[in-house]
Amino acid sequence: MRKNIVAGNWKMNLDFEKAEELMDDLAEILDEKKPEKCEVVICPPYLYMELAVDYAQEANFEAGAQNVSSFDNGAYTGEISAEMLKRLEVKYVIIGHSERRAYFHEDNKVLQAKVRKALDNNLKPIFCCGEVLEERKGEKHFEVVENQLKETILKLSKEEFSKIVIAYEPVWAIGTGETATPEQAQEMHAFIRGLIVEAYDEKVADDTTILYGGSCKPGNAKEIFAKPDVDGGLIGGASLKAKDFAAIIDSF
Ligand code: PGA
């Protein structure tokens, strides 16, 4: 049976003190109210990764990275390798976020290489997909998501694929305050599950965690998470406030 996950993507936010304060607050809240229906993950900037891993050893959350290099090691200034993250005992890594695709020109080939490195180093990829507004308006969203997945993770072996978490994040809903309706999320999540059945089988599809991301907040999480094919969320803005994030975790 698949597990529910609520993951916080902190993006490039917070100074060291604020990051520590947020981890502290979260650890405290989740200690009082143990999240029983989902696993909680926080993905801070690299600089606070070690701190997050230290917290994760005691607290009721896991640590994840926001990115990983597509290379093993060597002369790649500014990069962080999957092996470095593994050594630190990081559990998850976000790959293919729309901001990485748009601002850092990461295409399916690069993303597939990143997935490869992550899996080779026992990191669990949270693989993002999703269409931009024009694609949604032009009714191309299913086609876009299908290509994003078929050119990357759906090429993996069944065993490798079983380590993947998918996050559907319609780009028009990220940081905009505009959320996909629960029905729109469900429709796409069911479509993605169908693609997994086609590529592997029913059991693999049934066991795959598919998260929704894009302006998910305490006020809308419950309705979205209630949909049968939505197994949690990848949360940006609302993960920067301990109380909001905790309320989202409480939405199952
Ligand atoms: P948002 O970001 O919740 O701020 O819309 C989600 C994401 O980018 O993962």
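Every number for a ligand or one of its atoms is a count from 1 in the order of the listing. Computed from a predicted structure; not experimentally measured. All values below were derived from every heavy atom in this structure, side-chain atoms included, with hydrogens, water molecules and symmetry-related copies excluded.
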- Sole candidate of Lys37, Lys3, Arg193 that passes salt bridge (charged side-chain N to carboxylate O under 4.0 Å, His left out) when paired with Asp231: Arg193

- Message: Distance under 4.0 Å to a non-hydrogen atom of Gly175: what atoms of ligand 1 satisfy this?
- Response: 1 (P), 4 (O), 5 (O)

- Short version for Asn9: what comes under 4.0 Å of ligand 1, heavy atoms counted, is side chain

- min-distance protein heavy atom vs atom 3 (O) of ligand 1 -> Gly236 N, 2.9 Å

- Query: atom 2 (O) of ligand 1: which of Glu99, Lys11, Glu169 has the nearest heavy atom?
  - Reply: Lys11

- Rounded distance (nearest 0.5 Å) linking atom SG of Cys216 with atom CD1 of Ile235: 4.0 Å

- Message: Only heavy atoms of Gly214, strictly under 4.0 Å: list the atoms of ligand 1 that pass.
- Response: 5 (O)

- Between Ile94 and Cys128, the two heavy atoms sitting closest are CG2-SG, 3.8 Å

- How far is atom 4 (O) of ligand 1 from its nearest protein heavy atom, and which residue and atom is that? Gly237 N, 2.8 Å

- Looking only at heavy atoms, which two atoms of Gln186 and Asp229 are closest? And how far apart? NE2-OD2, 2.7 Å

- Item | Any Ala173 heavy atom less than 4.0 Å from ligand 1 | yes

- A student checking ligand 1 against His97 at a 4.0 Å heavy-atom cut-off should list atoms 7 (C), 8 (O), 9 (O)

- Message: If you count every heavy atom of other residues, nucleotides or ligands that lies below 6.0 Å from Glu223 atom CD, does the total exceed 12?
- Response: no

- Query: Under a heavy-atom criterion of less than 4.0 Å, does Gly213 contact ligand 1?
  - Reply: no

- Item | Spacing of CG belonging to Leu154 relative to CD belonging to Gln148, to within rounding of 0.5 Å | 11.5 Å

- Task: For atom NZ of Lys11, decide whether the heavy atoms of other residues, nucleotides or ligands shown that lie under 6.0 angstrom number more than 12.
- Result: yes

- Message: Test of understanding: given a 4.0 Å heavy-atom threshold, classify the contact between Ser239 and ligand 1 as side chain, backbone, both, or neither.
- Response: neither

- Hey, does Ser215 come in under 3.5 Å of ligand 1, counting only N/O atoms on both sides? yes

- Which heavy atom in Ala180 sits nearest to a heavy atom in Tyr212, and how many Å separate them? N-OH, 3.0 Å

